[in-house]
2 protein chains.
Amino acid sequence: MSTLCKFETALEILVGKWKPVILLQLFANGTMRFSELQKAIPDITKKMLTQQLRELQYHDIIHREVYNQIPPKVEYSITEYGQQLTPLLQAMNDWGTAHIAHLQELYGEEHSARSLKRN
Amino acid sequence: MSTLCKFETALEILVGKWKPVILLQLFANGTMRFSELQKAIPDITKKMLTQQLRELQYHDIIHREVYNQIPPKVEYSITEYGQQLTPLLQAMNDWGTAHIAHLQELYGEEHSARSLKRN
DNA sequence: CAGGATCCAAAAAGATACTG
DNA sequence: CAGTATCTTTTTGGATCCTG
């Protein structure tokens, strides 16, 4: 298996418009219910939230705990294995922080990371 | 600016179907011409290659050197600033490697990182 | 050779309505 | 409450043809 493949694996797991937000919430707040995540991420739809949570769950990064009661209650949390992502997330965050500064130095305030995408 | 935003910045730069391959090629081989990149990444179209190269260039990760001659010659290379990505790329690669092993432990050989996407 | 431009297909995301 | 299901829109990527 190529290096490339491995590299891309990391991207696959972290990519998805909402995964970073979800992970950040769970890392910050520990256990959260579905509705709490919705409140914390107002713009996400239920469909997207569910979908991204399932993918993270498949990858053993988050745990889904279902309380069999009415009304239903489902709690999400980072798995022990998922905690191993911390250094990587931290590294990405650090690089991102530095890079925003770098971009502003290059192009000034008015430019965002997305500037080029619009052409 | 939120932590989230910074985190996502890193993703934005690295994401795109072909960016990992392109970066890997350039990190591995140093300077490469457009046509060499094409040969090294047979499945990529010119359009995609150009597009992704421009994005990486905008982010000051790669340098584009144009030789004003006929036929044209354009060489791409990692900028000094771009070299700073090395630890992050390495971290992503390492985590990806470990994660592939983890997935196989969980689900066996037949499952890929993408398994869940098909539903 | 290194692309730009245009059109088209596929994938991802969003809106909305419904359910145990 | 915590989802599904379905449909529509947006975003990406690919195919093809053209050019200095």
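In the text below, chain A, chain B and the rest are named by the order of the sequence lines, each starting its count at 1.
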Any side-chain N or O of B:R64 under 4.0 Å from OP1/OP2 of C:dG3? yes
So, is B:R33 near the phosphate of C:dC1, with a side-chain N or O under 4.0 Å from OP1 or OP2? no
Ranking A:V74 and B:Q52 by the position along DNA chain D of their nearest nucleotide, the one closer to 5' is A:V74
Whole angstrom is fine here: how far is it from CD1 in A:I44 over to P in D:dA2? 14 Å
Would you call B:D94 and B:Q90 a side-chain contact if the rule is heavy atoms closer than 4.5 Å? yes
Is it true that B:Y81 and B:H63 have ring centroids separated by less than 6.0 Å? no
Looking only at D:dG14, C:dG3, C:dC1, the nucleotide nearest the B:K46 side chain is C:dG3
Is the phosphate of D:dC1, meaning OP1 or OP2, less than 4.0 Å from a side-chain N or O of A:S35? no
Rounded to whole angstrom units, what separation is found between the CD1 atom of B:I41 and the C1' atom of C:dA2? 15 Å
Measure CH2/A:W18 against P/D:dT10 and give the value in whole Å, please. 16 Å
Side-chain (A:Y107) to main-chain (B:Y58) donor-acceptor, under 3.5 angstrom: yes
Any idea which of C:dG3, D:dG20, D:dC1 is nearest the A:P71 side chain? D:dC1
What is the separation between atom CG on A:N68 and atom C1' on D:dA2, rounded to the nearest whole Å? 12 Å
Given D:dA2, is OP1 or OP2 found less than 4.0 Å from the side-chain N or O atoms of A:R54? no
Does the pair A:E55/A:K19 count as a salt bridge with the N-to-O cut at 4.0 Å? yes
Among the nucleotides C:dC7, D:dA2, C:dG14, which one has an atom lying closest to any side-chain atom of B:K47? C:dC7
In whole angstrom, what separates A:E36's CD from D:dC1's P? 11 Å
Check the distance between D:dA15's P and B:L49's CG and give it to me in whole angstrom. 14 Å
Spacing of B:L37 atom CG relative to C:dC1 atom P, expressed in whole Å: 14 Å
Atom-to-atom span, OH of B:Y67 to P of C:dG3 - whole angstrom: 13 Å
Is B:T79 reaching over with its side chain to a backbone N or O of B:I61, donor-acceptor style, under 3.5 angstrom? yes
Winner on side-chain proximity to B:M48, out of D:dA2, D:dG14, C:dG3, is D:dG14
